[in-house]
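Keep in mind that the numbers below use all heavy atoms, side chains included, and drop hydrogens, waters and symmetry copies. Here, residue 1 is the first one in the sequence, and each next residue gets the next number.
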Amino acid sequence: LEAASLAEARTRLRESEVDLALIEPNLPDGSGIDLAHELDQTQSTTQTIVISDQPNLQRAIEAIRAGAADFIAKPLDLDELNERVRVAIDRHKVGQKQQMRIRRLRRICKKLNIARQEVTQQVDILCNDLVTAYQELAAQMQHVVYTSEFAALVRNELDLENLLRKTLEYLVHKAGSTNAAIFLPATGSEYSLGGYVNYDCTPDSADLLLQHLADVVAPLLAERDAPVHITDNQTLGEWLGDDFAYLADSHVLGFACPHDDETLAVVVLFRDGSQPFDADVLETTAAIAPLLGQAMARIIRVHHRQINDSFDNDEEEIPF
């Protein structure tokens, strides 16, 4: 390709890719050094050789700074020119290979980055699963600890009063200072007080409050399969209706102790709303509820056996 001016050269360069450009500095419409600079900026693999009829050091420095690969002075020696062209073409081929390698590496890097993002997502999912599994395992282990502690405390306890006292002491130990009461089934759906701990109730109000808990709260808790935890007056009002005033501004925690589908005890803990029950206390109540039911059932069986034995002995003494 041949061009007699900068404008014509730029047109040809837009139409065709050029591996090597031989450029003269002095052109009718400008400097060929500017064209060399443009090629260096836009087509980095294109090699340029500047051919000057005014060879001097300043002109050579300008050409090299513009990105020219070589600088040749006129008059031209064809053998030297061919050798310079051959070297420039070889350099162009090396540059093309480097560009191809760079493009290939960029594609690989892009794929690696996509793969890294996918792996990161999978790792995040796995870590979240591990955290969840650890939390569940820790909760289960804590449940086992609470169960083992309370089971060891009431094991072989056959006295009802001692059982209730130990249960209240255990709950106060776990929950901290709190009002606590245990209610036992009386007749029908009625409950009576089995034992209590008074934390911040006045003697006069305690009797009324405990009676209210026995009459209203204990029957409601007996129908629940899981512990009830109430932390605000609105929920308390929805649960108890107008009777919630007795426990207004309190945090309430209650649970039933079933055995063979029968509620053998109901436990209620309550204290001022500024001292909420934490998660460990909730876990404790869930753990000991069935154990207290089992302990109550064991005492009932022993009590019934003693009554039956006494009845049998009385019958042997009756003459026929």
Side-chain angles (χ1 to χ4, degrees), residues 136 139-175 178-197 210-231 235-236 238-241 243 247 251-270 277-308:
E136 292 176 353
Q140 292 175 2
M141 292 299 296
Q142 194 63 48
H143 187 87
V144 170
V145 170
Y146 294 144
T147 301
S148 301
E149 286 180 350
F150 187 73
L153 182 67
V154 301
R155 184 181 293 117
N156 302 325
E157 182 58 67
L158 299 178
D159 183 84
L160 178 60
E161 184 177 346
N162 287 339
L163 174 63
L164 300 181
R165 176 180 55 79
K166 289 180 178 180
T167 300
L168 289 171
E169 289 176 350
Y170 182 79
L171 288 172
V172 171
H173 172 69
K174 292 298 181 181
T178 183
N179 303 293
I182 299 179
F183 299 95
L184 305 179
T187 57
S189 61
E190 296 180 353
Y191 284 81
S192 61
L193 181 64
Y196 74 97
V197 174
L210 291 171
Q211 188 60 50
H212 172 73
L213 294 176
D215 294 341
V216 178
V217 177
L220 291 176
L221 287 173
E223 299 174 357
R224 297 296 187 99
D225 295 329
V228 172
H229 182 213
I230 299 178
T231 60
T235 306
L236 198 61
E238 293 172 355
W239 187 49
L240 297 178
D243 294 321
L247 294 170
H251 277 202
V252 180
L253 177 59
F255 59 96
C257 304
H259 183 75
D260 291 341
D261 298 326
E262 182 181 2
T263 299
L264 300 183
V266 172
V267 181
V268 182
L269 288 74
F270 61 96
F277 297 107
D278 59 27
D280 286 342
V281 180
L282 301 180
E283 188 67 28
T284 300
T285 58
I288 73 170
L291 298 179
L292 181 55
Q294 294 172 12
M296 293 289 296
R298 183 171 61 248
I299 291 177
I300 291 172
R301 286 197 304 270
V302 172
H303 179 67
H304 284 178
R305 188 181 307 120
Q306 291 173 345
I307 292 177
N308 290 334

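- Rounding to the nearest 0.5 Å places CG of Leu220 at 10.0 Å from OG of Ser189.
- In terms of the side-chain contact (heavy atoms from CB on, under 4.5 Å) criterion, residue partners of Glu262 (sequence neighbours excluded) are, by chain and number, Leu264.
- Val217 is listed as a side-chain neighbour of Trp239, based on a closest heavy-atom distance under 4.5 Å.
- Between the CG atom of Asp280 and the CD atom of Glu283 there is a distance of 8.0 Å, given to the nearest 0.5 Å.
- Going from atom CD1 of Ile299 over to atom CG of Asp159 covers 7.0 Å, rounded to the nearest 0.5 Å.
- In this structure, Ile288 and Leu171 have side chains that are in contact, with non-hydrogen atoms separated by less than 4.5 Å.
- Contact record, Ala289 with Cys257: O-CB, 3.4 Å, taken as the closest heavy-atom pair.
- Surrounding CZ of Phe150 are more than 12 heavy atoms belonging to other residues, nucleotides or ligands, all under 6.0 Å away.
- Between Phe183 and Leu193 there is a side-chain heavy-atom pair separated by less than 4.5 Å.
- The backbone N or O of Thr231 sits less than 3.5 Å from a side-chain atom of His251, completing a donor-acceptor pair.
- Minimum interatomic distance between Leu164 and Gly194 (heavy atoms only, all atoms of both residues): CD1-O, 3.4 Å.
- Distance check: Glu157 CD to Leu163 CG gives 6.0 Å after rounding to the nearest 0.5 Å.
- Residue Leu292 holds its CG atom at 12.5 Å from NZ of Lys166, rounded to the nearest 0.5 Å.
- Side chains of Met296 and Leu160 form a contact here, defined as non-hydrogen atoms less than 4.5 Å apart.
- Nearest approach of Leu236 to Ile230, heavy atoms of both residues: N-CG2, 3.6 Å.
- With values rounded to the nearest 0.5 angstrom, Leu269 atom CG is found 14.0 Å from Lys174 atom NZ.
- His259 approaches Gly293 most closely through the heavy-atom pair CB-O, 3.7 Å.
- In plain terms, the two heavy atoms of Thr263 and Ala222 that are nearest each other are OG1-O, 3.3 Å.
- A 4.5 Å side-chain heavy-atom check between Asp215 and Asp243 finds every atom pair outside the cut-off.
- Applying the side chain to side chain donor-acceptor pair (under 3.5 Å) test to pairs two or more places apart or on separate chains, none has a residue in residues 284-300.
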Stepwise side-chain contact (heavy atoms from CB on, under 4.5 Å) test for Leu213 and Tyr191:
CA-CA 9 Å; Leu213 294 176; Tyr191 284 81; over 6 Å; no
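- No side-chain heavy atom of Leu282 sits under 4.5 Å from any side-chain heavy atom of Pro227.
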Given side-chain contact (heavy atoms from CB on, under 4.5 Å), test Val154 with Leu291 step by step and report yes or no.
CA-CA 9 Å; Val154 301; Leu291 298 179; 5.6 Å; no
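- Of all heavy-atom pairs between Ala181 and Leu168, the closest is N-CD2, 4.2 Å.
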